[in-house]
Structure formats: structure tokens, C-alpha cells
Amino acid sequence: MYERQLDERGRVALPTPFRSSIGEQCYLTFGDDGCVRIMGADVFQSEAQEMIDAVKAGTVSRAKQRAFSSSVVVAGIDKQGRILVDPRLRGHAAIDLQSPVKVLGALDRVEIWEPSRYDEQEAAGLEEL
């Protein structure tokens, strides 16, 4: 886990270890439990296909598919390793401009968290362990 800060434009520097797994372009979406999810193209394509298949099978509603697809923002990584976090995604995650955030790897994706929200999730997860 890395501690970072959003700048005045809403950009955050991704930790170097995460950049290679994401590639030059990434996909940001609403994350579970109130975070921002960052995925590389391969992971995003896989999740999108799973969503399409689940809608066809009737196990996921079209409303959920629309919500997922409308939350997707394609972002490039600049030369300083920063990505722009869209205002709608920042609102979902309760992240303000120029505020601290926690950036962590979650196996197949990277997540950006408002620190107190992450602390609550971490405590709940540790309790389950």
C-alpha cells in the first residue's frame, strides 16, 4: 500500500510497481465498497465480457451493466506516472482534490481509497481472516 495525494487537477501518481502491470493506458471504474478501481486492458476486457455473458444468462440486470459501463473512464499514464481521476469517480470514492489517498494492489487491479474508508475495509477484512 502506498500513500499518495491528489493534485489540484485530480491526478495521482501511481506507484512504480503498478505501472508495468497496467500498461500505458488503463480503465478506471466505480470500485466495490466505495473505491476507484484501476485495471489494465486485459483485465477490463475480461470483466466486460463476464458482465455481457451474465446479462445474457439473466444473472445480472441490464441496469447494472449500464451502471458499470457508464462508470468506465479510459486514462493514459503521463511521463510522471500520473493518471487523472475523473470527478464522478472521485465523488463515488469521497476523494477531494489535493487530499491524501491510499493506492494499493488488489491482485488483478489497483484501487484508490479515501484513507478512512480504506481503514474501515481493512479492519473488516482482518476480522474475517
Side-chain angles (χ1 to χ4, degrees):
M1 176 178 29
Y2 298 84
E3 294 188 9
R4 295 287 191 262
Q5 183 161 334
L6 251 60
D7 69 11
E8 67 281 351
R9 293 182 175 171
R11 298 174 299 188
V12 64
L14 293 177
T16 303
F18 298 150
R19 294 180 204 165
S20 62
S21 65
I22 292 173
E24 294 179 18
Q25 182 173 290
C26 57
Y27 295 79
L28 285 69
T29 66
F30 290 157
D32 298 328
D33 305 313
C35 69
V36 175
R37 293 173 42 197
I38 305 170
M39 298 171 278
D42 56 340
V43 172
F44 172 74
Q45 294 300 331
S46 175
E47 286 203 14
Q49 189 60 55
E50 286 177 23
M51 178 74 68
I52 291 166
D53 294 343
V55 168
K56 287 179 182 177
T59 58
V60 170
S61 71
R62 291 198 187 281
K64 184 174 180 177
Q65 181 184 29
R66 282 185 204 98
F68 172 77
S69 62
S70 70
S71 78
V72 176
V73 175
V74 181
I77 300 174
D78 70 13
K79 291 179 182 178
Q80 287 79 37
R82 298 173 301 191
I83 58 168
L84 177 65
V85 182
D86 182 81
R88 195 165 158 229
L89 296 172
R90 289 194 314 262
H92 169 76
I95 299 170
D96 296 320
L97 295 175
Q98 298 182 313
S99 67
V101 295
K102 292 187 177 185
V103 181
L104 59 127
L107 303 177
D108 63 345
R109 65 186 165 269
V110 175
E111 296 177 341
I112 302 174
W113 285 89
E114 188 279 327
S116 64
R117 277 191 178 188
Y118 175 75
D119 292 344
E120 290 172 10
Q121 289 299 311
E122 182 182 44
L126 289 173
E127 208 170 283
E128 287 184 35
L129 286 177

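Note that the numbering runs from 1 along the sequence shown for the chain. The basis for the numbers below is simple: all heavy atoms, side chains too, and nothing from hydrogens, waters or symmetry mates. Nothing here was measured: the structure is a model prediction, and the numbers come from that model.
The CD atom of Glu114 sits 7.0 Å away from the OG atom of Ser99 when rounded to the nearest 0.5 Å. Here the CZ atom belonging to Arg19 is positioned 10.0 Å from the CZ atom belonging to Arg82, to the nearest 0.5 angstrom. The distance from the CD atom of Gln121 to the OG atom of Ser116 is 11.0 Å, given to the nearest 0.5 Å.
By the 6.0 Å contact criterion, CD on Glu24 is open, its count of non-hydrogen atoms from other residues, nucleotides or ligands being 12 or less. Few gaps surround CD on Gln5; more than 12 heavy atoms of other groups in view lie less than 6.0 Å from it. Dense packing is recorded around CD of Gln49, with more than 12 heavy atoms of other residues, nucleotides or ligands lying under 6.0 Å away.
Side-chain N or O atoms of Ser71 include none that pairs as donor or acceptor with a backbone N or O of Thr29 at under 3.5 Å. Checking side-chain atoms of Arg90 against main-chain N and O of Leu97 turns up no donor-acceptor pair under 3.5 Å. The main-chain N or O of Val36 is never found under 3.5 Å from a side-chain atom of His92 such that the two would form a donor-acceptor pair.
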- Message: Show, in sequence, the C-alpha distance, side-chain angles and deciding distance for Ser70 and Arg88, and conclude whether the side chain to side chain contact (heavy atoms under 4.5 Å, CB included) test is met.
- Response: CA-CA 10 Å; Ser70 70; Arg88 195 165 158 229; 3.6 Å; yes
- Phe18 and Ile38: CA distance, side-chain angles, deciding distance, side chain to side chain contact (heavy atoms under 4.5 Å, CB included) verdict: CA-CA 10 Å; Phe18 298 150; Ile38 305 170; over 6 Å; no
- Apply side chain to side chain contact (heavy atoms under 4.5 Å, CB included) to the pair Leu14 and Ile22, showing each step before the final yes or no. CA-CA 10 Å; Leu14 293 177; Ile22 292 173; 3.9 Å; yes
- Candidate pair Val110 and Val103, rule side chain to side chain contact (heavy atoms under 4.5 Å, CB included), full reasoning: CA-CA 7 Å; Val110 175; Val103 181; 3.7 Å; yes
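Linking ILVMFWY side-chain heavy atoms closer than 4.5 Å, directly or via other members, places Met39 and Ile112 in two distinct hydrophobic clusters. In terms of hydrophobic clustering, with Ile, Leu, Val, Met, Phe, Trp and Tyr side chains grouped at heavy-atom distances under 4.5 Å, Val74 and Leu84 are assigned to different clusters. The cluster map of Ile, Leu, Val, Met, Phe, Trp and Tyr, joined by side-chain heavy atoms under 4.5 Å apart, puts Val73 and Val43 in different clusters. Val101 is not connected to Leu104 by any chain of hydrophobic side-chain contacts under 4.5 Å among Ile, Leu, Val, Met, Phe, Trp and Tyr, and they are in different clusters.
Here the closest heavy-atom approach between residue Gln80 and residue Ala13 is recorded as O-CB, 4.4 Å. Residues Lys102 and Pro115 share a closest heavy-atom pair of CE-CB, 4.1 Å. Looking at every heavy atom in both residues, Cys26 comes nearest to Ile83 through SG-CG2, 4.0 Å. In this structure, Glu8 and Arg11 approach most closely via the heavy-atom pair OE2-NH2, 4.3 Å.
Contact of the Leu89 side chain with the Phe30 side chain is registered, since non-hydrogen atoms from C-beta on lie closer than 4.5 Å. In this structure, the side chains of Arg4 and Pro15 come closer than 4.5 Å at one or more pairs of heavy atoms. Using a 4.5 Å cut-off on side-chain heavy atoms (C-beta onward), Tyr27 and Gln45 make contact. Contact of the Phe68 side chain with the Val60 side chain is not registered, since no non-hydrogen atoms from C-beta on lie closer than 4.5 Å. Residues Ile95 and Val85 are not in side-chain contact: their nearest non-hydrogen atoms beyond the backbone lie 4.5 Å or more apart. Here the side chains of Trp113 and Asp33 are in contact, with some heavy-atom distance below 4.5 Å.
Salt bridge present: Glu47 and Arg37 bring a charged side-chain N and a carboxylate O closer than 4.0 Å.
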